[in-house]
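First comes the structure, then the notes that go with it.
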2 protein chains.
Amino acid sequence: MNDFLTEMEYVGLTSRLKRLSDSLLYSTKELYKSEGLDIEPNWNLIFILLQENETMTITEISETLQFSHPAVVKIINKMKKNGHIETRTDTKDKRKQLLTLTEKAHKQLPVFEKYWTAGRKTVMDLLADSPHFLEEFLKIEEKLNQSDYKDRTLKNLKNDEHSN
Amino acid sequence: MNDFLTEMEYVGLTSRLKRLSDSLLYSTKELYKSEGLDIEPNWNLIFILLQENETMTITEISETLQFSHPAVVKIINKMKKNGHIETRTDTKDKRKQLLTLTEKAHKQLPVFEKYWTAGRKTVMDLLADSPHFLEEFLKIEEKLNQSDYKDRTLKNLKNDEHSN
DNA sequence: CCACATTAAGTAACTGGTTACGCAAATATA
DNA sequence: TATATTTGCGTAACCAGTTACTTAATGTGG
């Protein structure tokens, strides 16, 4: 294979994460497009959430997914335009938009689910020879949750200065 | 922690990869900004390549990093604007732009390197409790290199149909 | 030697994220 | 009860990537 970023070890990892994440994203979009499906990556998550909960608000979804709320707004707007989601204003709290799946969405779900199941299978296959991956990936996320890349790096810098 | 995407297991992984990759990216940018450094994420890779090779072309870099060539064009344009890179046209092949580090770049390198070393340390720390991570991550990349997400998922779909 | 194919690099339009800001509604406080 | 704070969500501007297209230079086969 002989990949430069891999040879860089720790230095190349963040770029490899981006590269992998992008490649999955674009490949998923291409899949849906080539199959003529009117959905996009991440929509499966919204579908799952709105099946579980009937109605949710933008803020609830953004907290659940740990995405910024403008990101969720964008996704939801697209899903509304495609007729998969409808909104109504909460009568008790007029700031809140209550989101629900439309009839159309429920009708199309079985078809979508075939693709999502196949995609899930793909990820399983990709991870088949990597039995520690999910567990170790979680550890990294948890570490970064406690102290992010910037803070950790600044601390390393300071320690390094002191040791001179 | 109780993270929805984590609970989704295989289904949530691609979004978690994006989330992690983004968080590292933005945190790195913030680090450079807060320290008043006039560099951006990924530039370290270009610096390393141009120290090793003296001159390279856009295409060579994009092949080495496995980024699309427009991505490299954008990075290089920024580095040129910041005075870190200069270009001259190859006399043998006037399509090629030969890239080299400027005097200014060489002068600032030692400062940058302090930060890059600290960042490398951060990644090492993040991976400290995940001894199989790099190895298993590579396996995933290699699998996707042989057949991408779309093709694998389409194949899974077909198999599934046949088994019914 | 000329027509055609390939290659290098630049540009445009788009994508899914982000932060920063603003506004209106709800809540807390003096 | 009036005022200050917080909350929900929408919008703008940005960011680092992508694909698709263009142009110019080079390489190649009849």
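Below, chain A is the first sequence line, B the second, and so on; all start at residue 1.
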Between atom [atom1] in [X] and atom [atom2] in [N], what is the gap in whole Å?
{"X": "B:Gln66", "N": "D:dT19", "atom1": "CD", "atom2": "C1'", "answer": "18 Å"}
{"X": "A:Asn77", "N": "D:dC9", "atom1": "CG", "atom2": "P", "answer": "12 Å"}
{"X": "A:Lys94", "N": "C:dC23", "atom1": "NZ", "atom2": "C1'", "answer": "16 Å"}
{"X": "A:Tyr26", "N": "C:dT15", "atom1": "OH", "atom2": "P", "answer": "9 Å"}
{"X": "B:Leu17", "N": "D:dA16", "atom1": "CG", "atom2": "P", "answer": "20 Å"}
{"X": "A:Asn44", "N": "C:dG16", "atom1": "CG", "atom2": "P", "answer": "13 Å"}
{"X": "A:Trp43", "N": "C:dG16", "atom1": "CH2", "atom2": "C1'", "answer": "13 Å"}
{"X": "B:Glu30", "N": "D:dC14", "atom1": "CD", "atom2": "C1'", "answer": "15 Å"}

Excluding sequence neighbours, so at least two apart, what forms ring pair (Phe, Tyr, Trp, His ring centres under 6.0 Å) with B:Tyr32?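 Applying ring pair (Phe, Tyr, Trp, His ring centres under 6.0 Å) to B:Tyr32 gives none.
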In terms of the nearest nucleotide of DNA chain D, which residue is placed more toward the 5' end: A:Lys18 or A:Glu60?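 Result of the comparison: A:Glu60.
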5'-most contact on DNA chain D: A:Lys96 or B:Lys92, nearest heavy atom basis?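 That would be A:Lys96.
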Pairs satisfying side-chain hydrogen bond (donor to acceptor under 3.5 Å, both in side chains), at least one member in residues 94-109 of chain B, at least two apart: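 Of all non-adjacent pairs touching residues 94-109 of chain B, those that pass side-chain hydrogen bond (donor to acceptor under 3.5 Å, both in side chains) are B:Asp93-B:Arg95.
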Measure from the side chain of A:Lys29, starting at C-beta and using heavy atoms only, and say which of C:dT18, C:dT15, D:dA25 lies closest.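 Minimum distance to the A:Lys29 side chain belongs to C:dT15.
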Using the side-chain heavy atoms of B:Ala71, tell me which of these nucleotides is nearest: D:dC9, C:dA9, D:dG17.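 Selected nucleotide (nearest to the side chain): D:dG17.
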Working note: B:Asn42 + B:Leu65, criterion side chain to side chain contact (heavy atoms under 4.5 Å, CB included); need CA distance, chi angles, decisive distance, verdict. CA-CA 10 Å; B:Asn42 280 336; B:Leu65 298 184; over 6 Å; no
With a cut-off of less than 4.0 Å, is there a side-chain N or O of B:Thr57 near OP1 or OP2 of C:dA8?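 Looking at the OP1 and OP2 atoms of C:dA8, neither is under 4.0 Å from any side-chain N or O of B:Thr57.
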Side-chain N or O of B:Lys78 versus OP1/OP2 of D:dA16: is the shortest distance under 4.0 Å?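 So the side chain of B:Lys78 is within the cut-off, an N or O lying under 4.0 Å from OP1 or OP2 of D:dA16.
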Any side-chain donor paired with an acceptor under 3.5 Å for B:Thr153 and A:Thr122?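 Their side chains do contain a donor-acceptor pair, which is all the 3.5 Å distance test asks for.
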For B:Asp125, is there an ion pair with A:Lys155 - N to carboxylate O distance below 4.0 angstrom?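 B:Asp125 and A:Lys155: not salt-bridged.
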May I ask you to decide whether B:Arg120 forms a salt bridge with A:Glu9, counting only side-chain N to carboxylate O separations under 4.0 Å?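 Between A:Glu9 and B:Arg120 there is no salt bridge, as every charged N stays at least 4.0 Å from the carboxylate O atoms.
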Check the pair B:Trp116 / B:Phe47 against ring pair (Phe, Tyr, Trp, His ring centres under 6.0 Å), numbers first and verdict last. CA-CA 11 Å; B:Trp116 295 335; B:Phe47 269 94; 5.4 Å; yes
Please tabulate, one pair per line, each protein N/O and nucleotide N/O from nucleotides 20-22 of chain D that are separated by under 3.5 Å, including the distance.
none

Could you say whether A:Asp93 or A:Ile75 is positioned toward the 5' end of DNA chain C, judged by the nucleotide with the nearest heavy atom to each?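 Nearest-nucleotide comparison on DNA chain C picks A:Ile75.
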Find which nucleotide of DNA chain C each of A:Leu25 and B:Gln97 is nearest to by heavy atoms, and output the residue with the more 5' nucleotide.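 Its nearest nucleotide lies further toward 5', so the answer is B:Gln97.
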How many angstroms lie between OG in B:Ser27 and CZ in A:Arg152, if you round to the nearest 0.5 Å?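 Taking OG in B:Ser27 and CZ in A:Arg152, the distance rounds to 10.5 Å.
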I'd like to know if B:Lys74 reaches the base of D:dG17 with its side chain, counting only an N/O donor and acceptor under 3.5 Å.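 When only heavy-atom distances are counted, B:Lys74 does reach the base of D:dG17 through a donor-acceptor pair under 3.5 Å.
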Tell whether B:Arg95 reaches the base of D:dT26 with its side chain through a donor-acceptor pair below 3.5 angstrom.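 Such a pair does not exist between side chain and base.
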Base, sugar-phosphate, or nothing: which does A:Thr59 touch, judged by heavy atoms less than 4.0 Å apart?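 Sugar-phosphate only.
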